[in-house]
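This one's a predicted model, so the numbers in the text were calculated from it and none came from an experiment.
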Amino acid sequence: MNGASAHSLFRKARDRAFSLGVRSSFESFGQRSHLSLPIQLEGMERTTVGNDVYLGPGCWLLTHGPTGRLEIGDGTSIAGYSVLSAAVEIRIGRSVLFARNVYVADHRHGFEQVGVPVLDQPIEDLRPIVIDDGAWLGQNVVILPGVTIGAGAVIGANSVVRDDVPARCIAVGSPARVVRELAPGEHAPTPLFR
């Protein structure tokens, strides 16, 4: 066994042990779900993770208590360095695919108080987010409060989504806009860059 193989086996064993060790911290944590280190977890008692979920290294899962809730459905894969920040509710369906660096927050920091640093202002614009089954979010996508991404929708890389995206539609840009609907049986183009 070469050094790279040994290192890979070590990482897998370490991540598996970590995943098993923290599973009781979650509201529920499904079978065969995997958390890759390093990862930041806050408020996991209000977070449910389905079966066969993968969370890549560098992710940050955060629920703002006591009202924030986060749900990640079966078979979802989040490549890494993504932020899921829930002050109300973020619901991610089954078999959703996140590329790297996706940011999803159902709130934003206030900034109206002159003379008060944004960091010290309360969060506001609290509206739930839903990302439905089979959706695909490209690299560096940002999902803003109140958005619903329909089943099988595709969000192009570097898009900022502030409005709902219907099922099986492709949306790109900043702000994201729907550019077309996928025909029955049609698959999204790969790779999708814009």
Visitor: By ring pair (Phe, Tyr, Trp, His ring centres under 6.0 Å), which residues pair with H109, not counting sequence neighbours?
Guide: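 For H109, no residue satisfies ring pair (Phe, Tyr, Trp, His ring centres under 6.0 Å) once neighbours in sequence are set aside.
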Visitor: Which residues pass the side-chain contact (heavy atoms from CB on, under 4.5 Å) test with R108, not counting sequence neighbours?
Guide: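 In terms of side-chain contact (heavy atoms from CB on, under 4.5 Å), with neighbours along the sequence ignored, R108 is linked to F111, E112, E124, D125.
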Visitor: Taking only residues two or more places apart in sequence or in another chain, which ones pass side-chain contact (heavy atoms from CB on, under 4.5 Å) with D133?
Guide: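 Per chain and number, D133 pairs via side-chain contact (heavy atoms from CB on, under 4.5 Å) with R94.
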Visitor: Just grab all the salt bridge (Lys or Arg N to Asp or Glu O under 4.0 Å) pairs involving residues 54-69, residues at least two apart or on different chains.
Guide: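 Only E27-R69 qualify under salt bridge (Lys or Arg N to Asp or Glu O under 4.0 Å).
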Visitor: Quick one: list whatever passes ring pair (Phe, Tyr, Trp, His ring centres under 6.0 Å) with Y103, sequence neighbours left out.
Guide: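 Checked Y103 against ring pair (Phe, Tyr, Trp, His ring centres under 6.0 Å); zero matches.
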Visitor: Which residues, ordered by chain and number, are linked to V116 in its hydrophobic cluster, where ILVMFWY side chains connect at heavy-atom gaps below 4.5 Å, directly or through other members?
Guide: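 Same cluster as V116: nobody, lone residue.
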Visitor: Same cluster or not: are V178 and I143 linked, directly or through other Ile, Leu, Val, Met, Phe, Trp or Tyr residues, by side-chain heavy atoms under 4.5 angstrom apart?
Guide: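 In one cluster: yes.
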Visitor: Just to verify, what does A87 make a side-chain contact (heavy atoms from CB on, under 4.5 Å) with, not counting sequence neighbours?
Guide: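 A87: side-chain contact (heavy atoms from CB on, under 4.5 Å) contacts with H64, D106, H107, I123, L126.
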Visitor: So do the side chains of L70 and L61 get within less than 4.5 Å of each other, counting heavy atoms only?
Guide: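 Of all side-chain heavy-atom pairs linking L61 with L70, at least one is under 4.5 Å.
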Visitor: Please list, chain by chain and in numerical order, all residues satisfying salt bridge (charged side-chain N to carboxylate O under 4.0 Å, His left out) with R46, sequence neighbours excluded.
Guide: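 Testing R46 for salt bridge (charged side-chain N to carboxylate O under 4.0 Å, His left out), a comparison that skips the adjacent residues, returns none.
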Visitor: Tell me, please, which residues at least two apart from P175 pass side-chain contact (heavy atoms from CB on, under 4.5 Å).
Guide: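 Listed in chain order: R162.
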Visitor: Could you tell me which residues satisfy salt bridge (charged side-chain N to carboxylate O under 4.0 Å, His left out) with E45, sequence neighbours excluded, listed by chain and number?
Guide: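 Per chain and number, E45 pairs via salt bridge (charged side-chain N to carboxylate O under 4.0 Å, His left out) with no residue.
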Visitor: Restricting to ring pair (Phe, Tyr, Trp, His ring centres under 6.0 Å), what partner residues turn up for Y81, sequence neighbours left out?
Guide: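 Testing Y81 for ring pair (Phe, Tyr, Trp, His ring centres under 6.0 Å), a comparison that skips the adjacent residues, returns none.
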Visitor: Output every pair passing ring pair (Phe, Tyr, Trp, His ring centres under 6.0 Å) with a member in residues 11-53, not counting sequence neighbours, ordered by first then second residue.
Guide: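 For residues 11-53: F26-F29, H34-Y54.
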